[in-house]
Amino acid sequence: MSERPGIADPAWVRALLAGAALLVGLLLLALPLAVVFAEALRRGWGVATAALADPDTLSAIRLTLLVAAITVPVNLVGGLAAAWCIAKHDFPGRRLLTTLIELPFSVSPVISGLVFVLLFGLQGWFGPWLQARDIQIVFALPGLVLATLFVTFPFVARTVLPLMQEQGRTEEEAAATLGASGWQVFRRVTLPNVQWALLSGVLLCNARAMGEFGAVSVVSGHIRGQTNTVPLHVEILYNEYQFAGAFAVAALLALLGLATLAAKTALERLTGRRLGEGTGDAA
Amino acid sequence: MPGSRLPPLPRRALLAAPALLAAAPARAQAARELLNVSYDPTRELYRDYNAGFAKAWQARTGQAVRVNTSHGGSGRQARSVIDGLAADVVTLALAYDVDAIAERGLIARDWITRLPHNSAPYTSTITFLVRQGNPKGIRDWGDLVKPGIGVITPNPKTSGGARWNYLAAWAWALRQPGGDDRAAEEFLGRLYRNVPVLDTGARGSTTSFVQRGQGDVLLAWENEAHLALQEFAGAKVEIVTPSLSILAEPSVAVVDRNAERRGTRDLAEAYLQGLYAPEGQALAAKHFYRPRDAALLAAHAALFPAMELVTVDGAFGGWGEAQRRHFADGGVFDQLYKPGR
Amino acid sequence: MTVTVTGLVRRFGAATALDGVSFALAEGEFAALLGPSGSGKSTLLRILAGLEGSEAGEVRIAGRSMAGVPARARNIGVVFQNYALFRHMTIFENVAFGLRVRPRAARPDRAETARRVRELLQLVQIPELERRYPDQVSGGQRQRVALARALAIEPHLLLLDEPFGALDALVRRDVRRWLRGLHDRLGLTTLLVTHDQEEAMELADRVAVMERGRVVQFDPPAALLAAPATPFVAGFIGHAARLEGEVRAGVLRFGSLPLPPLRAALPDGPATAFLRPGAVVAEALAEAPGGAPPAAIELLRVTAEGERRAVLTLGGVTLEARLAPGSEARAARGAPCRLHIAGAQVFGAGGGRAEARPLRAAPVL
Amino acid sequence: MSAGTLPLPTRGVRVRAIPGFGLSLGITLLWLGLIVLLPLATLLVRPWELGLAGVWDSVTEPRVLAALRLSFGAALLAAAIDLPLGLLLAWAITRLRFPGRGLLDAAIDLPFALPTAVAGIALTALLAPNGWLGALLAAAFGWRIAFTPWGIVAALVFVGLPFVARTVEPVLRDTGPEAEEAAATLGASRPQTLARVVLPALWPALLAGFALAFARAVGEYGSVIFIAGNMPLVSEIAPLLIVVRLEQFDYAGAAAVGLAMLLLAFPVLLGLNLLQRALRRGRA
């Protein structure tokens with residue numbers, strides 16, 4: 001019994017499409033992931049867990065978490081402010097601002113690292129000044145944070161802005177007529193309306209922050225145990241012919257990414273149902 | 001317990017990001033720190049050497065010392081030091097990279113004379129790694145340009161090791177009957193047409209050759225070739241020693257400006273001098289570097305077969321000249337490198 | 001074309017949307033499918049259009065069975081609930097769509113297509129909008145576009161799915177009359193699906209009332225009012241108030257409620273009466289007769305026609321009554337009154353139906 | 001500064017109904033300026049140390065031109081391949097019901113979540129001539145994927161796929177079957193409905209996805225360097241050339257390549273954007 005015989009495709013077409021989609025998913029998406037885990041466990045659990053328990057790995061994990069812990073809140077605040085300001089206010093240059101916020105997406109990660117070397121490296125604009133004051137930016141935590149900030153810059157704004165625009169301004173205007181201050185309007189009216197999209201943006205931002213390679217590689221200095229993030233550590237292990245170890249650490253990163261995805265999917269399911277309750281079944 | 005310690009952050013980093021103060025680690029240890037910025041194939045050597053050095057230093061002075069290392073392509077590492085990576089010592093693949101740092105005033109210009117043997121405590125050379133049984137019959141440089149031979153070597157623009165490969169091939173071609181610059185250029189052009197994968201670093205090339213099964217012969221540091229035999233026990237590859245090769249002298253130097261600034265000069269100098277001491281030389285040999293110590297070298301004759309070795313200074317007029325002529329943008333390499341397809 | 005539907009059954013999981021629907025439409029007839037939401041009327045329309053399948057039953061159009069005929073081959077014009085206009089096409093392109101997708105042999109050429117589209121836009125009175133996009137015109141205009149688009153394929157049958165739902169009340173009345181006029185000119189067999197009884201009564205020659213997956217009555221509007229076939233129809237049509245009573249010896253009484261007894265030709269037993277607002281008359285009194293007042297006016301409202309009506313609550317049922325002539329001056333909120341009933345539809349427990357009449361001719365009428 | 005010269009709305013006085021504008025704009029500008037604009041300014045300024053002729057020579061060198069051609073060509077090709085694949089995936093998860101649909105839905109985001117370096121070594125291990133898939137393709141068709149430009153395209157297809165799928169998906173969900181049903185009642189066959197009703201409605205979203213996938217692919221580094229083979233003039237991507245130049249201490253040259261990439265990407269993205277808007281014309 002087909003549900004919509006008027007427009008439904010023949011069963012074999014549907015089966016073919018579903019099969020093709022599953023094949024694409026398998027070959028293009030699942031297989032690379034499977035390789036990571038298969039290679040990680042090729043020499044057994046022992047080798048994999050030993051690679052993870054290595055002090056250098058542990059310090060890389062801590063560094064990566066620290067970088068993400070700084071990056072995400074900064075981009076959260078900035079992204080929210082930008083989205084709010086663009087969606088809820090009129091001012092000349094809104095379009096330009098939107099474009100500028102998206103700019104880092106079209107900049108190569110390598111360039112994202114390069115610009116900070118050009119700025120803060122010893123041969124850069126501020127390098128000599130910084131060294132005279134004994135301040136280290138590139139090849140230290142601040143450089144890693146800056147490069148990661150740049151790369152993950154648009155995530156929050158991008159996920160929240162369209163929703164804010166779609167929701168319009170009437171609720172905020174209503175709040176304003178009721179005497180709410182800017183912060184109160186934002187905190188009590190706008191934020192609750194976008195919180196789920198916001199969380200999803202934060203999760204994406206976090207996933208990218210923990211997984212960034214190109215930009216971070218340029219500014220890291222690759223000092224073992226000090227400025228090696230997890231993705232860089234994967235490269236190091238790989239270059240040391242410790243393939244099982246490299247893939248074990250890679251698998252850990254992949255698991256972090258998968259957990260992020262699971263959280264995001266769960267969130268969407270949750271919000272999907274919420275939205276469904278609101279609109280009811282009109283059909 | 002290895003997990004109990006946060007990564008020690010440079011104090012200066014914290015100054016630049018006051019917000020991080022909450023996350024800052026307690027500076028429990030008062031250990032002195034030394035940063036050795038090195039290149040890819042020395043990871044194993046310095047892992048051993050650092051441990052021994054720290055122990056010896058503590059025995060001698062009572063100070064705890066922690067040696068940090070950074071590895072990568074030699075050129076990239078030099079660039080990082082130039083850009084402000086706070087290296088106390090550099091142990092790079094070639095003198096040219098140290099010269100580049102010296103040019104920016106971070107190292108004294110006369111660095112190469114400050115330590116024995118051109119400031120190169122160990123040497124190496126370039127050999128061939130081929131598939132087991134040498135199915136393609138590769139014996140010497142001339143065999144590399146035969147049709148159908150896949151040669152794996154990194155990009156001389158990005159890899160110090162690759163430059164040694166290039167110069168060794170060039171030197172061999174010059175020695176052939178009728179060998180002149182034109183013939184050498186022609187020879188190298190043909191050689192690079194046989195290269196299917198041009199990795200950015202020596203380690204990438206080894207992986208491509210051994211792990212990914214690319215090509216028939218890998219041009220490798222002698223120490224890397226031996227290490228590959230050891231690491232990839234089941235990889236079915238063997239070493240072929242060419243008739244002539246180049247004397248590779250990996251250079252070491254104290255980065256004067258950083259050592260002064262960080263107050264680590266004594267430590268840095270001791271660290272490099274230790275490489276010339278018997279323990280250091282033995283470690284070098286253990287990791288397949290040719291030690292400078294003649295007796296030690298003779299004792300490992302099976303590992304380090306005698307062959308004719310030319311030097312960069314002798315055959316190319318020094319690194320500055322070689323770099324300018326061959327590897328600079330628009331240099332000989334750029335001209336001869338024309339991919340086959 | 002004639003349309004014959006016999007024994008249609010459609011279930012969605014455990015729910016039955018259509019439970020054996022049968023009816024027939026005559027050539028050129030304008031019929032309406034009327035029912036509350038969930039009564040299955042939209043499903044019926046979708047089955048007619050070929051957008052939905054059925055478990056049992058048959059649809060014949062002009063005598064031909066539609067079994068196995070896909071939607072695109074049925075030549076039925078459909079105006080969808082939200083019009084389903086193609087947003088990326090101009091209004092011209094929307095209307096031309098049905099002509100342009102015809103098989104090559106039957107496809108009119110470019111000039112002919114343009115001519116027919118312009119003709120249709122003239123017909124629906126929006127020729128000036130052809131270059132606009134659907135999002136650039138008003139709701140009423142969109143509805144006309146949807147109609148023109150459906151008419152472009154020269155359908156045998158026109159199906160309208162709640163076509164006025166998106167319009168505001170004023171526009172709705174205009175468009176309704178215009179649509180009926182258009183139908184009278186084109187003579188196209190038309191089926192309108194709606195939950196709005198006024199709309200159905202005003203537009204349709206005959207109205208099919210649907211209740212829980214069945215057509216319970218299919219009659220001209222006047223007959224629905226005069227002789228509702230089931231209590232559901234009686235209650236659904238004409239805003240009638242439903243009151244429970246008891247018939248004894250041909251007389252219906254409403255227990256303790258202050259309503260006069262009625263003559264009803266039904267066997268003894270409980271019965272349900274449906275009182276339409278016009279059929280109840282309230283006579284306001286100066287003072288309550290003998291103690292407690294029998295009924296009190298709760299509030300007074302004025303109809304669109306300017307008539308004053310009294311609203312009362314009896315036994316939990318809200319009742320609307322005309323004011324008796326001469327007592328209007330006394331009518332006020334809280335005033336006591338006496339109720340008279342001109343007539344009512346009564347259904348007995350056994351299923352019998354009777355037209356109830358007052359015992360005596362009402363003095364106030 | 002330019003605000004004063006802009007024409008004001010005719011109703012006269014501009015009213016700011018919602019408070020909090022100044023603070024939020026201030027945070028935005030600070031954030032944008034420090035993290036994005038100031039660093040990018042160096043990219044605009046630094047190359048000119050070489051002089052105009054120097055910059056021109058630096059970016060018209062055959063190796064640079066080849067790398068730029070490869071980066072842009074591979075990115076466009078990969079985004080073009082992502083278009084039907086992404087549409088297929090989005091269609092499957094919104095319109096079809098089959099076992100594994102939920103899993104597929106989640107898997108689409110994998111390239112977002114997998115760090116690029118991990119993706120790079122995984123794809124290399126998979127597609128190398130002795131890898132799981134590479135051996136199969138080599139034996140069956142004699143295809144070499146890894147260490148050729150095709151390897152780059154494969155990596156970029158992987159990286160860009162979710163952009164197309166996730167941009168099209170909401171539109172597909174939103175469109176619903178009404179328009180298709182309307183087309184069916186008007187006599188359109190299924191292919192006609194797809195070609196004239198469904199696809200046109202999806203084009204803006206498809207283009208937006210294409211633009212995103214392209215923008216990401218042009219600059220991609222981590223997942224590409226492992227699989228590319230990195231042969232100058234053949235499989236060397238522009239971002240790698242930036243790294244190479246840096247390693248030769250050629251800061252201005254590196255910045256020049258970076259600038260060239262930005263300037264080349266800009267018209268492509270602008271064009272796609274304008275095309276999108278043209279397709280959206282008339283729609284709210």
Side-chain angles (χ1 to χ4, degrees), chain A residues 53-63 65-67 69-70 73-74 114 116-118 120-124 127-128 130-146 217-229 232 235-243 246, chain B residues 1-17 19-20 23-25 33 35-37 40-41 43-44 47 66-73 76-77 79-87 104-106 201-204 206-207 210-211 227-228 230-232 257-258 261-262:
Chain A
D54 182 82
D56 286 342
T57 307
L58 292 175
S59 83
I61 292 173
R62 269 193 301 269
L63 180 62
L65 293 178
L66 181 61
V67 168
I70 300 167
V74 172
L114 167 68
F116 289 104
V117 171
L118 293 181
F120 301 120
L122 201 49
Q123 314 299 316
L130 288 170
Q131 195 177 46
R133 277 146 197 84
D134 222 9
I135 299 170
Q136 185 101 26
I137 301 238
V138 284
F139 311 119
L141 183 66
L144 296 174
V145 168
L146 281 172
S217 165
V218 177
V219 297
S220 150
H222 304 270
I223 307 171
R224 270 177 175 255
Q226 290 194 357
T227 62
N228 258 336
T229 63
L232 297 177
E235 190 203 17
I236 284 190
L237 290 175
Y238 192 74
N239 274 340
E240 285 182 4
Y241 311 134
Q242 300 185 36
F243 297 109
Chain B
M1 177 67 207
S4 61
R5 170 172 51 80
L6 278 163
L9 299 162
R11 226 177 345 182
R12 296 167 298 282
L14 296 175
L15 276 176
L20 306 184
E33 294 202 21
L35 176 58
N36 172 10
V37 170
D40 270 327
R43 291 176 206 273
E44 293 76 10
R47 192 162 43 208
R66 175 180 153 91
V67 183
N68 299 307
T69 52
S70 163
H71 296 274
R76 177 171 86 182
Q77 295 295 80
R79 196 270 299 166
S80 295
V81 174
I82 288 170
D83 276 332
L85 181 58
R104 269 84 178 171
L106 279 82
R203 285 283 159 106
T206 311
T207 305
V210 181
Q211 193 77 352
L227 181 68
Q230 185 184 26
E231 291 278 328
F232 301 99
R257 174 119 57 98
N258 291 344
R261 208 159 46 86
R262 291 154 56 96

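The analysis underlying the following values was restricted to heavy atoms, covering all of them including side chains, and did not include hydrogens, waters or symmetry mates. Chain A is the first sequence line, chain B the second, and so forth, proteins listed ahead of strands; every chain is numbered from 1.
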Q: Pick whichever of B:Asn36, B:Thr206, B:Leu227, B:Val81 has the most heavy-atom pairs under 4.5 Å with chain A.
A: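 That would be B:Thr206.
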Q: Can a donor-acceptor pair be found, under 3.5 Å and without considering hydrogens, that links the side chain of A:Gln131 to the backbone of B:Gly84?
A: no
Q: Evaluate side chain to side chain contact (heavy atoms under 4.5 Å, CB included) for A:Val218 paired with B:Arg79, printing each intermediate quantity in order.
A: CA-CA 10 Å; A:Val218 177; B:Arg79 196 270 299 166; 4.2 Å; yes
Q: Minimum heavy-atom separation for A:Leu122 and B:Ile82, please, with both atom names.
A: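 So the two residues come closest at CB-O, 3.1 Å.
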Q: Compare all side-chain heavy atoms of B:His71 with those of A:Glu240 and state whether any distance is below 4.5 angstrom.
A: no
Q: Among B:Leu106, B:Val37, B:Asp40, B:Leu35, which residue has the highest count of heavy-atom pairs closer than 4.5 Å to chain A?
A: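 Among the listed options, the one with the most contacts to chain A is B:Leu35.
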Q: Let me know if A:Val219 has heavy atoms under 4.5 Å from chain B in its side chain, its backbone, both or neither.
A: neither
Q: Over all heavy atoms of both residues, which pair between A:Asn239 and B:Arg203 is shortest? Give the atoms and the distance, please.
A: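 For A:Asn239 versus B:Arg203, the nearest heavy atoms are O-CD, 2.8 Å.
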Q: Counting heavy-atom pairs under 4.5 Å with chain B, which one of A:Gly127, A:Ala69, A:Ser220, A:Gly221 comes out on top?
A: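 The answer is A:Gly221.
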Q: Checking B:Leu85 against chain A: side chain, backbone, both or neither under 4.5 Å from a heavy atom?
A: both
Q: Identify the two heavy atoms, one from A:Arg224 and one from B:Arg66, that lie closest to each other, and give their separation to 0.1 Å.
A: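 So the minimum-distance heavy-atom pair works out to O-NH2, 4.1 Å.
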Q: Specify the closest pair of heavy atoms between B:Asn68 and A:Gln226, including all atoms of both residues, with the distance to one decimal.
A: ND2-NE2, 2.9 Å
Q: Donor-acceptor pair, B:Glu231 side chain versus A:Gln242 backbone, under 3.5 Å?
A: no
Q: Testing the basics here: between B:Asp83 and A:Val138, what is the closest heavy-atom pair and its distance to 0.1 Å?
A: O-CG2, 3.9 Å
Q: Can A:Tyr241 and B:Val210 be said to form a side chain to side chain contact (heavy atoms under 4.5 Å, CB included), step by step?
A: CA-CA 10 Å; A:Tyr241 311 134; B:Val210 181; over 6 Å; no
